[in-house]
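Notes for the one structure printed next.
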Amino acid sequence: MKLRVERKRAYMRLACLVLLATAAGVAVYFQRDVVDPLADLRVDSNRDGRIDEADEGVMRSAIILVNCDDDDGDRMPDNWPGSASGWGQVPEKLKEPDAKVNGTADLEDVGRIELWKLGDAGDFRVVLRLERPPAGENVYFSEIGAHRRIRVLLPGPAGREILGPHAGPSAELPKELLNGRGWLELGVEGIEFGAAVGLRLEIWRNGRKLSEDTVEIRCAPFMALSNTDPVEATLLAIEDRGDGHNNYDFIEAFDCADGVRTRMLDVLFPEERAYDDPWPQDQWEIGWQSAPGPGAVPRGMRVFLELPRHGELRRASRRELIGPGTGLYEKFLYTLSRQAAASESLNFGGNLECTGPLPGYPFGRILAGNNLGSGPQKPIHRSLLEFFRAQGLQEPSVVDTGWSTVGHIDQLLGVLPSGNDPRVFRIVIASPRKAIEMLESLRHERPSSKIMEGKNGWEMTVARFFENDGGLKKLNKSLQPRIAAVAAQIERELGVRPIEVPALFRPAKKGGVAPWFPPLQNAQVVNGLILTPDPLGPRGKSGDVFKTAYEQALPGVRIVYVDGCFVLHRKKGAVHCASNRLAVPRPETQAWWLLSGN
């Protein structure tokens, strides 16, 4: 862009020479090479949604969308890189890239770059190159070439790829595009969230480079949304094994969320009679991306970040979810699945949470669990954590959950609202200490009161818990210091003190521990309404003592106890595990570049 000024000065010098020569009576003959053409690129560097003179001298990267929605109805992301993605071995039927603009609707998701035409291209060569940005990138991008990060497209609603995964990192532009005066507009779409590239324009003649210009382009980052952000729909999956075991009672509980529709994922094929994957929280992390749009209004897109999990819910991604304005990013499904990570629970969505705004982190921070000791789960995959770090906005805080048989952070803690403002939140955390103290208070007053009453194989009186509990009390006392260490880390790193809610754990067959009664911390939030498992706690003078403690910990919010989730609890899940949210980002999230400093 700085060359635009040099070009103006060059033409001014030429004009002065012409005037002087004319005044002296000297005939003037013009030659094409009196002033060599100067390379000139421009982008929306001031981020107001258009490219114009106001972008001159603004040395910031332009932001573009990762064009991963589906505007042409082929159930494939419009930016699909195919076998050239570097994502590992994609299925045979998906190897062909989508290397073009898919009509006028798709064109709205495509960014713009402009370059100054040559007048008469003649024997000039004009070359575009994609380059990595200067040093300082996150390690996540170290093996992602510049041409696998974005795609540059020829003009128009059917423009084909000229730079990108399929065409490569450099190309010579057709001369017919460069003749005439004015600006030539090309399209550019993102492929890798948060990635930056340098785009270099070079003008050559007779083997000599005459000039060059460079701009920087950044793909919009993937942004996780907080559990307290507003919701337009909840996402649930049908579980029906065909033998009377189903989760229909659980699904009905979500009808209490006024004004919020329930979107069902029914991915049964006609020939199937059973379905056994009720965990939409684990299949996807549902987030948001946005870039400056016309009139400085952000243009955004919901994104389903597909996680490396091979349950039946995978079918829903392309069959039911992707569409106009709703994107799908499947990279980890292929890269981590090839590394045997698809069966590793810590890589699932239930192990990823996002807080509300924090000092220095206006979009919150990611909370993730990891096996930092000798638990049954393999550690969360490094590339998944580095992906979130590489976005540059929501630095993950990683805590030890390896002692749990599932290992998910949503079995340890929950991010819940504090009143009506979605920016204000609380973190509740499982507390065996609190649960044991409450049972101690009932030990002499109501020793026959039952935990998990009516649930065969699970039911136990308060008296039995202390007298012949099979080691439950000892186990839970041993867990409390590990949980307290997590709470201390969260307070230290986030500045938020977690609130203890009663919880008890039991040994799990495959190692580690699992919640004994449905975990109160495993709650879902729908526009301020907290839907949490019915803990089936022992009854005191005022009813269920665990419910009473939960309500005291969360004053001023509406709570609904879901009593249809025991079928889920037996499979080591609960309300949060079995639901997901189509959240609406807050205004400051949609225009993230105004607060991030990036």
Side-chain angles (χ1 to χ4, degrees), residues 66-70 74-98 140-141 143-144 148-149 165 190-195 219 221-224 235 237 265 267 269 276-289 301-323 326-352 366 368 377-391 396 407-408 577 580 582:
V66 173
N67 188 19
C68 58
D69 68 343
D70 175 22
D74 64 355
R75 297 180 178 177
M76 180 179 291
D78 290 332
N79 65 353
W80 183 244
S83 58
S85 62
W87 291 0
Q89 188 175 355
V90 300
E92 186 68 31
K93 63 181 180 180
L94 300 177
K95 288 187 174 181
E96 196 66 28
D98 189 337
Y140 175 79
F141 296 119
E143 297 182 2
I144 305 175
R148 291 192 171 117
R149 304 180 184 194
I191 296 174
E192 289 284 355
F193 282 103
C219 299
F222 176 90
M223 301 181 69
L235 201 62
L265 296 175
V267 294
F269 289 136
D276 196 21
D277 186 7
W279 313 120
Q281 186 68 223
D282 286 344
Q283 192 68 45
W284 306 281
E285 182 67 22
I286 306 175
W288 193 261
Q289 64 159 328
M301 182 187 297
R302 176 172 289 121
V303 179
F304 282 76
L305 174 63
E306 184 102 43
L307 294 160
R309 181 177 177 274
H310 287 171
E312 287 135 310
L313 280 174
R314 277 185 59 193
R315 302 169 182 169
S317 298
R318 289 181 181 245
R319 289 175 56 185
E320 297 191 46
L321 298 177
I322 189 174
T326 299
L328 177 65
Y329 184 70
E330 297 178 303
K331 178 176 182 176
F332 296 113
L333 184 64
Y334 300 113
T335 56
L336 298 191
S337 293
R338 298 297 176 263
Q339 300 173 32
S343 61
E344 295 167 9
S345 176
L346 293 184
N347 296 320
F348 298 172
N351 195 37
L352 298 167
I366 301 293
Q377 289 292 339
K378 291 185 178 179
I380 187 171
H381 203 278
R382 178 183 175 186
S383 64
L384 192 58
L385 287 177
E386 291 301 337
F387 169 80
F388 287 106
R389 291 193 178 102
Q391 307 311 302
H408 290 181
C577 307
N580 215 322
L582 302 185

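Just so you know, these numbers come straight off a predicted model, no measurement behind them. What's counted below: heavy atoms across the whole structure, side chains too, no hydrogens, waters or symmetry copies.
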For this session: Determine yes or no for a side-chain-to-main-chain donor-acceptor pair under 3.5 angstrom, with Arg302 supplying the side chain and Ile286 the backbone.
Result: no
Exercise. Looking only at heavy atoms, which two atoms of Val90 and Leu94 are closest? And how far apart?
Worked result: CG2-O, 4.0 Å
Problem set entry | Lys331 and Phe193, any side-chain heavy atoms less than 4.5 Å apart | no
Exercise. Between Trp87 and Tyr334, what is the ring plane arrangement, given parallel below 30°, perpendicular above 60°, and tilted in between?
Worked result: parallel
Exercise. Considering only heavy atoms from C-beta outward, does the side chain of Val66 approach that of Asn79 to under 4.5 Å?
Worked result: yes
For this session: Find the distance between OG1 (Thr326) and CD (Glu320) and round it off to the nearest 0.5 Å.
Result: 12.5 Å
Exercise. Has the side chain of Gln289 got a donor or acceptor atom that lies under 3.5 Å from a matching backbone atom of Val303?
Worked result: no
Exercise. How far does NZ of Lys378 sit from CG of Leu346, to the nearest 0.5 angstrom?
Worked result: 11.5 Å
For this session: For the residue pair Phe387 and Tyr329, categorise the inter-ring angle as parallel (less than 30°), tilted (30 to 60°) or perpendicular (more than 60°).
Result: parallel
Problem set entry | Criterion side-chain contact (heavy atoms from CB on, under 4.5 Å) against Cys68, the qualifying member of Glu330, Met76, Met301 | Met301
Exercise. Can you tell me how far CD of Glu285 sits from CG of Asn351, rounded to the nearest 0.5 angstrom?
Worked result: 10.0 Å
Exercise. What pair of heavy atoms forms the shortest contact from Leu328 to Pro77, and how long is it?
Worked result: O-CG, 3.6 Å
Exercise. Has the side chain of Asn580 got a donor or acceptor atom that lies under 3.5 Å from a matching backbone atom of Trp284?
Worked result: yes
Problem set entry | Atom pair CG (Leu352) and CG (Leu307), whose distance is rounded to the nearest 0.5 Å | 6.5 Å
Exercise. With a 4.5 Å limit on heavy-atom distance, are the side chains of Gln283 and Arg314 in contact?
Worked result: yes
Exercise. Ignoring hydrogens and geometry, is there a side-chain-to-backbone donor-acceptor pair from Asp70 to Ile322 under 3.5 Å?
Worked result: no
Seminar exercise, completed: Separation between CH2 (Trp80) and NZ (Lys95), nearest 0.5 Å, reads 12.0 Å
Exercise. Is it true that Asp277 and Arg315 make a salt bridge, defined as a side-chain N closer than 4.0 Å to a carboxylate O?
Worked result: no
Exercise. Ignoring hydrogens and geometry, is there a side-chain-to-backbone donor-acceptor pair from Gln391 to Met223 under 3.5 Å?
Worked result: no
Problem set entry | Under 3.5 Å donor-acceptor, Arg318 side chain and Arg75 backbone | yes
Problem set entry | Reported CD1-to-CZ distance for the pair Ile191 and Arg149, which is rounded to 0.5 angstrom | 11.5 Å
Exercise. For the residue pair Ala390 and Phe141, what are the closest heavy atoms and their distance?
Worked result: CB-CE1, 3.6 Å
Exercise. Considering only heavy atoms from C-beta outward, does the side chain of His381 approach that of Phe332 to under 4.5 Å?
Worked result: no
For this session: Determine the minimum heavy-atom distance between Gly350 and Asp282, stating which atoms define it.
Result: N-OD1, 3.0 Å
For this session: Please report the closest heavy-atom contact between His408 and Ser345, naming both atoms and the distance.
Result: NE2-OG, 2.6 Å
For this session: Return the minimal non-hydrogen interatomic distance between Ala224 and Ile366, and the atom names on each side.
Result: CB-CD1, 3.5 Å
